[in-house]
Amino acid sequence: MQDPQTQSPGICVLVHVELPKEESREDLAELERLAETSGARVVKAVVCNRDAPDAAYFIGTGKTEEVKAAVEESGASTVIFNSRLSPAQERNLERALDAKVMDRVALILLIFAQRARTYEGKLQVELARLQYEQARLVRGWTHLERQKGGFGLRGGPGETQIELDRRALRERITQLKAELETVSRRRGQNRSLRIKRGVPTVSFVGYTNAGKSTLFNRVTSSDVYVADQLFATLDPTLRNVELPSFGKAVFADTVGFIRHLPHDLIAAFHSTLEETADASLLVHVVDASDPRRDENIESVNQVLEQVGAGNVPRLMVFNKCDLVEDSPVGMVDGIDGKPSRICVSALTGEGIEDLLRACSLMLSREKLNFTVKIDASSGGKLRSMLYALGAVSSESIDDNGVITLELSISQKDASRTDSVTNGELSRAAGGSPWKNDEEFNFDSVQ
């Protein structure tokens, strides 16, 4: 028997509302793809324009009647809105349409629930769903209003069924957060071990269906599930890669992003997205054939800012160049004569060697080599932190108790260490060599 939390919406009618504010605009074609990804069969799309959402029905009473007629004519069981609905709007629409109503957020949560395979992924999706449903326990379910008298496990005197359900939901959310914290600590330990060993992480990010997993499979010789669907892969995958002229690195395939990604999902997937925030390099995969390419890039940038990865070094990779007429392949020079992006085809393998070379060069750029001198009696904390980062290449101590450390450290780790130690690293190095903003010339390294 299928889990109701992952059950397909069945036959559905889409409702797309054009709103004037840029931050409220969505894409009807993307909603259709999302619905199809969830297993729904779209039979009709109702489109309307509004200056502002209606407080009761979002689309107003007249348009609600039009949607109801479409539901009755098509025999649809679900109506999916391409906007976020309030609990009251959702409840009013279900009563008026006599059909299940989902908003865009609920649809994305459903797809995530269908896609989750690992223990951590299932916990994250359940947490996001319960947080979303907290305000929706009163969706016309009259049995939830009955009072329960007496004492014991079923509640105190006069406690209503809805109060019991809310309490049970809060307890389950607390339990899920505790379990995810345990998983997060384990993930953090693995990440710390990689850092200690000096192994950088290259995290693949991008808009959903940009071809991240196909590209990931190509460069790592893996078999991560791929399909021409939104959110085809959900659970993160890590693989070791030997980069040319650099050495070992860990490549991480992450969940795809989407515009207006629900905040509940971002919060629930915090530990997974930490892999992105703590990466040494982000490979931002862009679907070069998508007409909304520039908007998708901006949406990904916004999510990266939300998860604390806005300052991580980034390499732009335009994928699916085989679908774009006269598209260049490999490194593309910008107006300053330096590469502005890498153009590849994950399907045909074109440009992959240039991508691996670019990753090597970007990671090499991140490693800084300099010397620091620390007093043995007062520099123990800094020394310990540098060893924990795997940044110490060699160590010596003179007769006066001065420790000399030869470091090989990333710009990000050096900056963070200096901040945590209140400038102690800068003083020990006699300056701040990691603050050199000179652009790296790809052509200077063969």
Side-chain angles (χ1 to χ4, degrees), residues 4-5 7-112 128-129 131-145 162 230 258-265 291-292 295-296 299:
Q5 301 301 336
Q7 190 171 358
S8 164
I11 301 174
C12 70
V13 171
L14 306 183
V15 180
H16 176 72
V17 182
E18 290 285 353
L19 296 168
K21 291 185 178 180
E22 179 66 31
E23 64 271 16
S24 301
R25 294 177 187 169
E26 301 293 356
D27 182 9
L28 177 57
E30 185 173 83
L31 180 67
E32 292 176 354
R33 293 290 306 280
L34 286 168
E36 291 168 357
T37 297
S38 72
R41 181 161 70 89
V42 179
V43 293
K44 188 177 180 62
V46 178
V47 181
C48 66
N49 294 279
R50 290 192 65 89
D51 293 331
D54 178 71
Y57 294 100
F58 195 85
I59 54 175
T61 54
K63 212 64 180 179
T64 300
E65 289 298 321
E66 181 182 335
V67 174
K68 183 176 182 179
V71 169
E72 293 174 348
E73 179 184 348
S74 63
S77 57
T78 307
V79 178
I80 303 176
F81 279 70
N82 201 14
S83 304
R84 184 160 193 159
L85 303 175
S86 70
Q89 289 168 337
E90 193 172 320
R91 184 170 63 251
N92 294 338
L93 285 164
E94 287 196 340
R95 290 171 177 169
L97 301 175
D98 193 25
K100 181 181 179 181
V101 173
M102 299 176 67
D103 62 10
R104 188 171 182 273
V105 175
L107 180 59
I108 294 174
L109 288 171
L110 170 62
I111 295 171
F112 271 57
R129 180 180 59 80
Q131 289 173 329
Y132 173 78
E133 289 290 345
Q134 265 187 309
R136 287 169 161 76
L137 280 177
V138 292
R139 296 172 57 184
W141 296 44
T142 55
H143 74 281
L144 296 179
E145 298 171 359
I162 192 170
L230 303 183
I258 196 169
R259 63 179 53 85
H260 303 156
L261 190 67
H263 292 288
D264 292 337
L265 272 178
R292 300 190 70 176
E295 295 175 48
N296 293 347
S299 297

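The chain is numbered in sequence order, starting from 1.
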Please report the interatomic distance CZ(Phe112) to CZ(Arg129), rounded to the nearest 0.5 Å. 14.5 Å

Mind listing the closest non-hydrogen atom pair of Ser83 and Asp103 along with its distance? O-CB, 3.0 Å

Taking only residues two or more places apart in sequence or in another chain, which ones pass side-chain hydrogen bond (donor to acceptor under 3.5 Å, both in side chains) with Glu32? none

Can you tell me how far apart CG (Asp27) and NE2 (His16) are? Round to the nearest 0.5 Å. 7.0 Å

Partner residues of Ser77 under the side chain to side chain contact (heavy atoms under 4.5 Å, CB included) criterion, sequence neighbours left out: none

Please identify each residue that fulfils side chain to side chain contact (heavy atoms under 4.5 Å, CB included) with Thr78, with sequence neighbours left out. Pro9, Cys12, Ile80, Lys100, Met102

Of the non-hydrogen atoms in Leu34 and Ile111, which two are nearest, and what is the gap between them? O-CD1, 3.3 Å

Asp54 versus Tyr57, closest heavy-atom pair with distance: OD2-N, 2.7 Å

Distance col, row Leu31:CG vs Glu36:CD, nearest 0.5 angstrom, shows 10.0 Å

Side-chain atoms of residues 59-71: list all donor-acceptor pairs with protein atoms under 3.5 Å, sequence neighbours left out, distances to 0.1 Å.
{"residue": "Lys63", "atom": "NZ", "partner": "Glu66", "partner atom": "OE1", "Å": "2.9"}
{"residue": "Thr64", "atom": "OG1", "partner": "Gly60", "partner atom": "O", "Å": "2.6"}

Where do Leu109 and Ala128 come nearest, in terms of heavy atoms and distance? CD2-CB, 3.7 Å

Residues in side chain to side chain contact (heavy atoms under 4.5 Å, CB included) with Ala55, at least two apart? none

Can you name the nearest heavy-atom pair linking Asn92 to Ala56, along with the distance? ND2-O, 3.2 Å

Between the CG atom in Asp98 and the CD atom in Glu72, the distance rounded to the nearest 0.5 Å is 8.0 Å

Who passes side-chain hydrogen bond (donor to acceptor under 3.5 Å, both in side chains) against Asn296, sequence neighbours left out? Arg259, Asp290

Residues two or more places apart in sequence or in another chain: which of them pass side chain to side chain contact (heavy atoms under 4.5 Å, CB included) with Val43? Ile11, Val13, Arg41, Ser74

When rounded to the nearest 0.5 angstrom, what distance separates CG in Leu19 from CZ in Phe58? 5.5 Å

Steps toward side-chain contact (heavy atoms from CB on, under 4.5 Å) verdict (Val79, Leu93): CA-CA 9 Å; Val79 178; Leu93 285 164; over 6 Å; no

